[in-house]
J.: 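What follows is a single structure, and I will ask about it in a moment.
No experiment lies behind these values; they were computed from the predicted model shown. Residues take their numbers from the sequence shown, with the count starting at 1.
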Amino acid sequence: MQPTHTASASPASQRNVLRGAIFIMATSSIGPAFLTQTSLFTEKYLASFAFAIVISLLIDIGAQLNIWRVITVANLRGQDVANRVLPGVGHLISAFIVLGGIAFNIGNIGGAGLAMNVIFGVPPVIGSLIAAVLIIGIFLLRNAKGVMDSVMQLLGLIMLCMIGYAMLQSSPPVMEALSRSFNPDDPLILLLPIVTLVGGTVGGYISFSGGHRLVEAGITGVENVGAVTRAAVTGIATTGVVRICLFLAALGVVSQGLALDAGNPAASVFSHSMGTIGYKMFGIVLLAASVSSVIGAAYTSVTFMYSLHESIQRNNQRMVIAFIACSTLIYSLVGQPVKVLVVAGTLNALVLPLALACILWASKKPSIVGNEYRHPTWMLVFGLLAMVATAVGVVMSFNAFVQFWQS
């Protein structure tokens with residue numbers, strides 16, 4: 001059963017859905033791993049890391065534009081597009097994304113528990129249970145998706161404001177970072193961080209999260225291509241602004257000769273800049289990042305299950321609740337099973353190049369996107385670059401994955 005267009009929806013309602021799609025994508029990518037990776041890479045590569053951020057953002061935009069435009073023009077979710085291109089591939093992608101979604105949500109729930117510990121001093125497991133109950137409460141509401149749109153926007157703004165404030169407090173060398181954005185010390189050594197950033201920003205379920213929200217709301221078809229394009233670029237730009245602010249905040253700290261805590265590098269960025277108050281602010285940022293990532297992963301993973309049976313779509317709110325409850329239960333009983341997380345992460349890394357290949361193929365098939373739509377060649381080229389970059393990342397990480405599994 002395909003979603004229908006919402007021509008009768010008010011302009012205000014459509015704007016809220018578009019903003020919701022932007023923020024569900026942006027905030028889903030700004031999770032606990034995002035905070036840690038950005039801080040660690042900044043400490044390692046210093047101002048030259050700005051180059052990796054710029055290149056990764058360009059690749060991210062290429063991937064996001066292709067995916068959002070094709071699935072909304074076709075009025076099909078990502079797995080359905082893939083199945084139209086090559087029967088069965090969509091189900092394979094769905095399996096990877098659902099497995100990855102559960103595993104990553106275990107980490108996100110753990111991040112929420114740690115955040116509650118930082119802010120209120122409660123044990124992390126208790127904090128994770130409290131956070132899970134609050135998130136599930138959203139999906140018990142009648143207008144759950146509308147509330148979700150608003151919550152994701154609020155959480156995104158909280159993270160942006162607080163990370164931006166931390167950046168100002170750390171007094172970063174902005175001109176040096178701007179210079180290194182185009183003239184890094186050694187571009188070749190930045191290949192791995194570029195691939196890592198691309199995978200973390202648009203890898204797995206994240207690249208489809210906002211697009212699926214638009215398809216579900218009926219903001220589809222050729223007539224909405226302009227709005228979808230602007231939303232896709234804004235989503236990546238939002239993520240980029242947050243990453244740049246966190247990068248500059250970390251750069252300001254390490255430029256003063258201060259070392260980041262290897263166990264919690266992002267927290268030390270805030271505490272070095274603002275002391276105890278900064279540490280509490282980090283807790284709020286981590287809570288917002290974790291909660292938004294839990295919502296994004298659960299919602300999007302369930303939309304990838306819609307093709308299995310129509311009852312899943314009909315009972316989608318219950319399925320999202322079950323998804324969150326399952327992740328929370330595993331975290332509460334087992335903790336964060338490291339090998340499961342690594343396996344899921346590796347499988348999830350396969351999703352973007354595979355899914356993007358199907359999307360790019362579909363973009364030139366009138367039987368999928370219709371006879372009226374013409375996919376821009378430059379966008380196709382950007383998509384191919386993103387596909388190659390993420391495929392290289394999979395190959396580069398495979399040996400490390402095998403060594404880890406055998407250890």
Side-chain angles (χ1 to χ4, degrees), residues 24-26 28-31 33-34 37 52-53 55-72 76-83 85-86 89-104 191-213 215 232-233 235-236 239-240 243 293 296-297 300-301 303-304 341-363 375 379-398 400-401:
I24 195 173
M25 176 268 138
S28 291
S29 66
I30 307 170
F34 174 102
Q37 285 175 355
I53 293 176
I55 298 301
S56 66
L57 284 176
L58 292 175
I59 297 173
D60 291 342
I61 290 173
Q64 196 76 71
L65 279 175
N66 279 284
I67 291 172
W68 283 32
R69 282 175 65 122
V70 170
I71 66 177
T72 54
L76 295 167
R77 294 179 182 85
Q79 71 272 25
D80 298 320
V81 170
N83 279 332
V85 169
L86 193 62
V89 173
H91 297 314
L92 179 64
I93 291 172
S94 296
F96 285 168
I97 283 181
V98 172
L99 174 63
I102 290 176
F104 295 141
L191 177 60
L192 182 59
I194 288 171
V195 170
T196 303
L197 295 188
V198 171
T201 306
V202 292
Y205 73 89
I206 297 170
S207 53
F208 292 93
S209 54
H212 279 199
R213 179 71 186 104
V215 170
V233 173
I236 294 297
T239 304
R243 193 184 292 279
S293 294
T300 311
S301 296
T303 65
F304 271 91
L341 288 169
V342 172
V343 171
T346 304
L347 291 176
N348 224 41
L350 297 170
V351 170
L352 186 57
L354 180 60
L356 200 47
C358 293
I359 290 291
L360 297 177
W361 191 348
S363 71
H375 199 66
M379 197 176 293
L380 190 66
V381 172
F382 260 88
L384 288 169
L385 286 173
M387 186 180 73
V388 170
T390 49
V392 167
V394 171
V395 173
M396 290 174 64
S397 63
F398 184 74
F401 164 70

J.: To the nearest 0.5 Å, tell me how far Tyr205 OH sits from Leu352 CG.
T.: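 Rounded to the nearest 0.5 Å, the OH-CG separation comes out at 13.5 Å.
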
J.: Mark yes or no for whether His212, through its side chain, and Arg77, through its backbone, hold a donor-acceptor pair below 3.5 Å.
T.: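 Not confirmed, His212 side chain does not pair with Arg77 backbone.
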
J.: What heavy-atom pair brings Val85 and Ala362 nearest, and what distance separates the two atoms?
T.: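 Nearest heavy atoms, Val85 then Ala362: CG2-CB, 3.8 Å.
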
J.: For a quick test of your reading: what N or O donor-acceptor pairs under 3.5 Å do the side chains of residues 57-67 make, sequence neighbours left out?
T.:
| from | atom 1 | to | atom 2 | distance (Å) |
| --- | --- | --- | --- | --- |
| Gln64 | NE2 | Ser207 | O | 2.9 |
| Asn66 | OD1 | His375 | NE2 | 2.6 |
| Asn66 | ND2 | Gly62 | O | 2.6 |
| Asn66 | ND2 | Met379 | O | 2.8 |

J.: side-chain hydrogen bond (donor to acceptor under 3.5 Å, both in side chains) with Thr239: which residues, sequence neighbours excluded?
T.: Ser29

J.: Is a donor from one side chain sitting under 3.5 angstrom from an acceptor on the other, for Thr201 and Arg243?
T.: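 There is such a pair between these side chains.
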
J.: CH2/Trp68 to OG/Ser209 distance, rounded to the nearest 0.5 angstrom?
T.: 6.5 Å

J.: Holding to side chain to side chain contact (heavy atoms under 4.5 Å, CB included), I want the full list of residues that pass it with Leu384, two or more places apart in sequence or in another chain.
T.: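 For Leu384, the residues satisfying side chain to side chain contact (heavy atoms under 4.5 Å, CB included) (neighbours in sequence not counted) are Leu360, Met387.
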
J.: Please table the atom pairs, donor to acceptor, closer than 3.5 Å between any side-chain atom in residues 92-101 and protein atoms at least two apart or in another chain.
T.:
| from | atom 1 | to | atom 2 | distance (Å) |
| --- | --- | --- | --- | --- |
| Ser94 | OG | Gly90 | O | 2.9 |
| Ser94 | OG | Phe304 | O | 3.1 |

J.: Looking only at atom types and distance, does a side-chain atom of Thr300 sit under 3.5 Å from a main-chain N or O of Ala297, one as donor and one as acceptor?
T.: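 Not at all, since once roles are kept as given, no pair shorter than 3.5 Å links the two residues.
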
J.: So which heavy atom on Gly31 is nearest to which on Ser293, and how close?
T.: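 Scanning both residues, the minimum pair turns out to be CA-OG, 3.2 Å.
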
J.: Sequence neighbours excluded, which residues qualify as side chain to side chain contact (heavy atoms under 4.5 Å, CB included) partners of Leu191?
T.: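 Only Val195, Met396 meet the side chain to side chain contact (heavy atoms under 4.5 Å, CB included) criterion with Leu191.
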
J.: How would you list, by chain and number, every residue that makes a salt bridge (Lys or Arg N to Asp or Glu O under 4.0 Å) with Arg213, sequence neighbours excluded?
T.: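 Result, salt bridge (Lys or Arg N to Asp or Glu O under 4.0 Å) vs Arg213: Asp149.
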
